[in-house]
Amino acid sequence: MFRNNYDNDSVTFSPQGRIFQVEYALEAIKQGSVAVGLVSKTHAVLVALKRNAEELGSYQKKIIGIDTHLGVALAGLAPDARVLSNFMRQQSMSSRLLYSRPVPISRVVNAIADKAQVNTQHYGRRPYGVGLLVAGVDETGPHLWEFQPSGMVLEYKGAAIGARSQSARTYLERAFEEFVDSSREELVLHGLKALRDSLAQDKELTVANTTVSVVGIGENFKLYDGDEVGEWLEKLGNVQSSRGGRTGEEAAESMDTSE
């Protein structure tokens, strides 16, 4: 990427009003594998595509449980996600200790947003190179939030982040009106269909590269990994991408090791 005199730190604006290090952090998210989130009246679902750096390596964890009512899916730099998830766990434990209740989703999301935004105000720090989809249930019902390295957070009915996530977002935009009244199983299948649409031509969803998590009203956060995902993939049926030929951009993304 083109280097200039305004990208040496995250506290200097360019003449166009841009902070380049924040934009570079957003590029790190685009290099990670896809994560998709959806929410209905009763449930919130996260599905993600895991990636292994090489054939001999294991698949990187893409969904992290925070509390019994809360979890996150990541795209970008996994170490940065680990730091933020540990901070969210601390916030959740503090809420249970001080107030004897699960932390509200909006409160913990805004806490990590403030933490990330501070890195754009102090010299010598850098933005977190990871995007998060935060799914959980609190007193007001199920919620899905997207976190960005700039410190911006927004609540969504459906969202997707990572490489080729635009294809997943296109599916979500077509079907989002169905999410509100969807059952638990239907919501997971919608997420898997969006994830499938983001695959490259020669890829397919498998029990090794797909991970699913569900949380709902009266249902604790649960992560489905490995063979547990097989049940969902059988219900989905066609697990292969319906996309056309592979573009040069997609080929470059497949060589990257971001998660």
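As the structure is a computational prediction, the values presented were derived from the model and not from experiment.
Proximity of Asp67 to Arg89: side-chain heavy atoms (C-beta onward) are nowhere separated by under 4.5 Å. The closest side-chain heavy-atom distance from Val36 to Val34 is below 4.5 Å. Counting heavy atoms from C-beta outward, Thr42 and Arg184 have side chains that stay 4.5 Å or more apart. No side-chain heavy atom of Thr211 sits under 4.5 Å from any side-chain heavy atom of Val47. When side chains are defined from C-beta on, Arg96 counts as touching Thr68, because their heavy atoms get closer than 4.5 Å. Inter-residue side-chain proximity for Tyr156 and Leu154 is flagged as met; some heavy-atom pair is nearer than 4.5 Å. Within the 4.5 Å cutoff, the side chain of Leu70 has heavy atoms near those of the Val108 side chain. When side chains are defined from C-beta on, Met93 does not count as touching Val103, because their heavy atoms never get closer than 4.5 Å.
A cation-pi arrangement is found for Lys222 relative to Tyr224, the charged atom lying closer than 6.0 Å to the ring centre and inside a 45° cone about the ring normal. Taking the ring centre of Phe87 as origin, the terminal cationic atom of Lys115 falls inside the region bounded by 6.0 Å and 45° from the ring axis.
Heavy-atom minimum distance, Val130 versus Pro149: O-CG, 3.7 Å. Here the closest heavy-atom approach between residue Ser106 and residue Trp145 is recorded as CB-CZ2, 3.9 Å. Closest heavy-atom contact between Leu46 and Ala135: CG-CB, 3.7 Å. Closest approach of Gly158 and Leu144 over heavy atoms only: CA-CD2, 3.9 Å. Annotation for Lys50 and Ala208: closest pair CE-O, 3.1 Å, computed over non-hydrogen atoms. The shortest non-hydrogen separation linking Leu172 to Gly37 is CD1-O, 4.4 Å.
The CG atom of Leu233 sits 10.5 Å away from the CZ atom of Arg196 when rounded to the nearest 0.5 Å. Atom CG of Asp181 sits about 8.5 Å away from atom OG of Ser40, to the nearest 0.5 Å. A distance of 12.0 Å separates CD of Glu27 from CZ of Phe20, quoted to the nearest 0.5 Å. A distance of 13.0 Å separates NZ in Lys41 from CG in Leu187, rounded to the nearest 0.5 Å. Atom CD1 in Ile66 sits 5.0 Å away from atom OG in Ser85 (nearest 0.5 Å). Atom CZ in Arg164 sits 14.0 Å away from atom NZ in Lys30 (nearest 0.5 Å).
Checked by atom type and distance alone, the side chain of Ser198 pairs as donor or acceptor with a backbone atom of Leu195 at under 3.5 Å. A side-chain donor-acceptor contact under 3.5 Å links Lys62 to the backbone of Leu74. Although no hydrogens or angles enter the test, the distance criterion places no donor-acceptor pair under 3.5 Å between the side chain of Ser95 and the main chain of Ser92. Side chain of Thr206 to backbone of Asn209: a donor-acceptor contact under 3.5 angstrom is found. With hydrogens and angles ignored, the 3.5 Å screen pairs a side-chain donor or acceptor of Ser14 with a backbone N or O of Arg18.
Ring centers of His190 and Phe179: under 6.0 Å apart, within the cut-off.
One finds no salt bridge joining Arg169 and Glu173 here, because no Lys/Arg side-chain nitrogen approaches an Asp/Glu carboxylate oxygen to under 4.0 Å.
One hydrophobic cluster holds both Val83 and Ile112 under the rule that ILVMFWY side chains link at heavy-atom gaps under 4.5 Å. Linking Ile, Leu, Val, Met, Phe, Trp and Tyr residues whenever their side-chain heavy atoms come within less than 4.5 Å leaves Tyr123 and Val118 in two separate clusters. In terms of hydrophobic clustering, with Ile, Leu, Val, Met, Phe, Trp and Tyr side chains grouped at heavy-atom distances under 4.5 Å, Ile217 and Phe221 are assigned to a common cluster.
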(Q) Test side-chain hydrogen bond (donor to acceptor under 3.5 Å, both in side chains) on Asp7 and Tyr24; report intermediate values, then the result. (A) CA-CA 9 Å; Asp7 64 356; Tyr24 298 161; 2.8 Å; yes

Q.
Using side-chain contact (heavy atoms from CB on, under 4.5 Å), reason through Met88 and Val134 one step at a time and then give a plain yes or no.
A. CA-CA 10 Å; Met88 294 174 72; Val134 183; 4.0 Å; yes

Q.
side-chain contact (heavy atoms from CB on, under 4.5 Å), that's the test. Do Val212 and Val188 meet it? Break it down for me.
A. CA-CA 8 Å; Val212 176; Val188 172; 3.9 Å; yes

Q: Go through the steps to decide whether Leu199 and Leu205 satisfy the test side-chain contact (heavy atoms from CB on, under 4.5 Å), and finish with yes or no.
A: CA-CA 8 Å; Leu199 293 172; Leu205 299 179; 3.9 Å; yes

Q. Stepwise, does the salt bridge (charged side-chain N to carboxylate O under 4.0 Å, His left out) test hold for Glu177 with Lys157?
A. CA-CA 9 Å; Glu177 293 179 349; Lys157 297 178 180 177; over 6 Å; no

Q: Determine, stepwise, if the pair Phe176 / Val39 fulfils side-chain contact (heavy atoms from CB on, under 4.5 Å).
A: CA-CA 9 Å; Phe176 79 94; Val39 67; over 6 Å; no

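Judged as a salt bridge (Lys or Arg N to Asp or Glu O under 4.0 Å), the pairs with a partner in residues 117-138 (not counting sequence neighbours) are, in order, Asp80-Arg126.
By the side chain to side chain contact (heavy atoms under 4.5 Å, CB included) test, Gln148 pairs with Leu26, Glu146, Ser150, Met152, sequence neighbours left out.
Through chains of ILVMFWY side-chain contacts below 4.5 Å, Leu98 is grouped with Tyr99.
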